Asker: 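There's a structure below that I have some questions on.
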Amino acid sequence: MLFIIRARACGGDARSWKQPDQLHPILFTNLRLPLQLIASSAGGATDHNVDNTTGMLQEWLAAVGRDYATVVWKSEDEARSYPDEQGPKHWTRERHQFLMELKQEALAFARDWGADYILGYYRRTAEYFPTKNRQRQGCFRVPMVHSTFLVSLQTEETARLAFYPPHPNYTWPFDDIIVFAYACQAAGVSVHVCNDHRYGYMNVGVKPHQGLEEEKTNFIHLILEALVDGPPMMASAHVSRPPKKPSKMGFDEVFVISLARRPQRRARMLSSLWEMEISARVVDAVDGRTLNSSILKHLGVDLLPGYQDPYSGRTLTKGEVGCFLSHYSIWEEVVAKGLARVVVFEDDVRFEDNFRKRLERLMEDVLTQKLSWDLIYLGRKQVNPEEEVAVEGLPGLVVAGYSYWTLAYTLSLAGARKLLASQPLHRMLPVDEFLPVMFDRHPNDQYKAHFWPRDLQAFSARPLLASPTHYAGDTEWLSDTETSSPWDDDSGRLISWTGSQKTLRGPYLHLAGSSGHSLHPHPRDEL
């Protein structure tokens, strides 16, 4: 889809507008122009489709076509393939040529129509990732742009630009992006990318042998990433979407632990699950800020003797008590209702690509191999650097070692019974420390001595299927367990504990031995 624009600058003639850094002529990608739209033309061509592209474009044009001065629409009614293509996403020479001819036709139309600009839909340099990730912001000169670009048609230099045929001196690969980049270079047209604003998202391209299903998977993951990093992608009101059919993926229940006073996190999590067509039930988390000594005494909560945070030396926080009680309530429900297997999420989960199908495939393999399991981590932080033992016949699973975090895991009925039978409320420590105690991989023998038997059968997905949305130090990071008062402090004061390294992204120190005082560098962070 190409947009051809006649415009004027705000407060004057279009030719009086100065482009950033006085660069002229120039081709910009993702540029916010100070323009008032006078008239525009939309041109669309669709062909070689095996999906619903044609129907979606027709629906969109029916809704918004009247907003354009003219609409040029070309389509093929029947799907056809290119010679020698491996699949619908394979870019053969014939496909590249056909696309370049379409772009050239649109460029010629724009010039004949008297347009000022044509808007169409970054190759990697050393600065690619810092620019892509917006670690450096502004307008930067680049060798080429990949997808979206705005071309000024008001200069002599851009009059020499062409998508097709390639420049006579061009000898590089037959690719529309590179061909046009060479045409810009030959014409003396500078190419720049501007990233000081977020303008939208582009789907990750699939490999030549892959098809529409893989492209759909990539697009869903793009939606999920946008929900975390923002701004979220909003579906067009002019294009209908097929109905979602959420399910529990074969589990008896999917739980989401979420604080009621964190509505944005809850909404983001539920939106993410909805996009993946996962049906889940929200469990209101126990808010540590509402706990006091009387409530804890009534619940029978007491601190594990001798417990200290392994890094800061602090005691248990009320936030950690609330977190433990939230998970505990789910374990109780699993046992009370006899739920054979469940998934438990906290509300700060970033899902890996193709999460649902990878989880379903993992659980199918576990069933096929008749693995006896109690708990499977889907997301965690591996603490010790020792290589974990792979499970025979299950390449996506390892025997879990000492781990932090409870942001995503599956739990069996047998596992829930074991956790409850240990009566952890009477000797509480953080829930992510309690689980390794129960599968006998916690390094502190004094803690483990309070629990028996320690026979929880715990495993972990490898590679992991989930990670935290943010880490300590990130702008958007917040923690209701780390920013909290001590468990026995009823003053209401909040303390931001900075000594713990559990929530850091990178390498950190880990416990070794039984004393809890021997610290060594951690060379690998699984997340």
Side-chain angles (χ1 to χ4, degrees), residues 1-5 7-37 40 103 107 115-158 160-161 163 175-205 222-223 225-234 350 469-471 473-477 505-506:
M1 182 71 72
L2 294 167
F3 296 91
I4 300 159
I5 304 170
R8 65 164 176 251
C10 297
D13 182 76
R15 290 165 180 78
S16 67
W17 172 60
K18 297 298 184 181
Q19 298 166 342
D21 300 325
Q22 304 295 316
L23 295 169
H24 190 80
I26 195 165
L27 182 151
F28 278 100
T29 180
N30 291 349
L31 175 63
R32 175 175 291 178
L33 291 171
L35 300 176
Q36 294 175 342
L37 192 65
S40 63
K103 289 183 175 181
L107 182 60
D116 296 308
Y117 298 93
I118 180 169
L119 176 66
Y121 280 17
Y122 184 42
R123 288 290 184 181
R124 296 186 182 182
T125 64
E127 295 78 24
Y128 174 79
F129 283 108
T131 306
K132 169 185 172 292
N133 298 329
R134 303 181 74 230
Q135 293 164 332
R136 65 168 195 157
Q137 297 182 24
C139 290
F140 308 102
R141 186 167 180 171
V142 294
M144 66 185 72
V145 292
H146 186 280
S147 293
T148 306
F149 49 83
L150 182 73
V151 184
S152 170
L153 302 180
Q154 303 175 45
T155 67
E156 295 181 3
E157 290 84 356
T158 56
R160 298 196 295 270
L161 295 181
F163 290 101
D175 180 292
D176 61 298
I177 298 168
I178 307 176
V179 166
F180 189 66
Y182 187 89
C184 292
Q185 184 183 41
V189 175
S190 300
V191 182
H192 286 72
V193 61
C194 293
N195 69 348
D196 45 357
H197 298 279
R198 291 185 183 270
Y199 301 94
Y201 300 89
M202 293 188 297
N203 201 19
V204 177
L222 182 64
I223 293 174
E225 288 293 283
L227 283 169
V228 173
D229 297 325
M233 298 172 63
M234 306 302 295
R350 182 192 293 267
T469 55
H470 301 92
Y471 296 83
D474 292 348
T475 304
E476 301 297 323
W477 178 80
R505 181 192 301 272

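Nothing here was measured: the structure is a model prediction, and the numbers come from that model. Sequence positions, counted from 1, serve as the residue numbers for this chain.
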Asker: Working to the nearest 0.5 angstrom, can you tell me the gap between Cys184 SG and Arg160 CZ?
Answerer: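 Cys184 atom SG to Arg160 atom CZ measures 11.5 Å (nearest 0.5 Å).
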Asker: Run the side chain to side chain contact (heavy atoms under 4.5 Å, CB included) test on Phe140 and Glu127 for me, step by step, so that the C-alpha distance in whole Å, both residues' side-chain angles and the decisive distance to 0.1 Å come before the verdict.
Answerer: CA-CA 10 Å; Phe140 308 102; Glu127 295 78 24; over 6 Å; no
Asker: Measure across Asn195 and Gln137 and return the closest heavy-atom pair with its distance rounded to 0.1 Å.
Answerer: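 Closest heavy-atom pair between Asn195 and Gln137: OD1-CA, 3.1 Å.
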Asker: At their closest point, which heavy atom of Glu225 faces which heavy atom of Arg350, and how far apart are they?
Answerer: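 Closest pair (atom of Glu225, atom of Arg350, distance): OE1-NH1, 2.9 Å.
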Asker: If you count every heavy atom of other residues, nucleotides or ligands that lies below 6.0 Å from Gln135 atom CD, does the total exceed 12?
Answerer: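 Yes, the 6.0 Å shell around CD holds more than 12 heavy atoms from other groups.
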Asker: Testing the basics here: between Cys194 and Tyr199, what is the closest heavy-atom pair and its distance to 0.1 Å?
Answerer: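 It is O-CE1, 4.1 Å.
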Asker: Using only atom types and a distance under 3.5 Å, with no angle test, would you say the side chain of Arg136 pairs donor to acceptor with the backbone of Pro130?
Answerer: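 Side chain of Arg136 to backbone of Pro130: no pair is present.
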Asker: If I take atom CG from residue Asp175 and atom CE from residue Met144, how far apart are they, to the nearest 0.5 angstrom?
Answerer: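 Rounded to the nearest 0.5 Å, the CG-CE separation comes to 8.0 Å.
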Asker: Taking all non-hydrogen atoms of both residues, which atom of Glu157 and which atom of Val189 are closest, and how far apart?
Answerer: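 Glu157 and Val189 have their closest heavy atoms at CB-CG2, 3.8 Å.
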Asker: Verify, without hydrogens or angle tests, whether Thr469 (side chain) and Val228 (backbone) share a donor-acceptor contact under 3.5 angstrom.
Answerer: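 Absent.
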Asker: Could you walk me through whether Asp176 and Phe163 pass the side chain to side chain contact (heavy atoms under 4.5 Å, CB included) test, one step at a time?
Answerer: CA-CA 7 Å; Asp176 61 298; Phe163 290 101; 5.8 Å; no
Asker: Where is the tightest heavy-atom contact between Ala181 and Pro143, given as atom of each residue plus distance?
Answerer: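 So the minimum-distance heavy-atom pair works out to CB-O, 3.7 Å.
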Asker: If you round to the nearest 0.5 Å, how far is CG of Asp116 from CD of Gln154?
Answerer: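 Between atom CD of Gln154 and atom CG of Asp116 there are 4.5 Å.
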Asker: Can you name the closest pair of heavy atoms from Val145 and Val191 and give their distance?
Answerer: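 Closest pair (atom of Val145, atom of Val191, distance): CG1-CG1, 3.6 Å.
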Asker: Report yes if the side chains of Leu153 and Leu161 come closer than 4.5 Å at any heavy-atom pair, otherwise no.
Answerer: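 Sidechains of Leu161 and Leu153: no contact.
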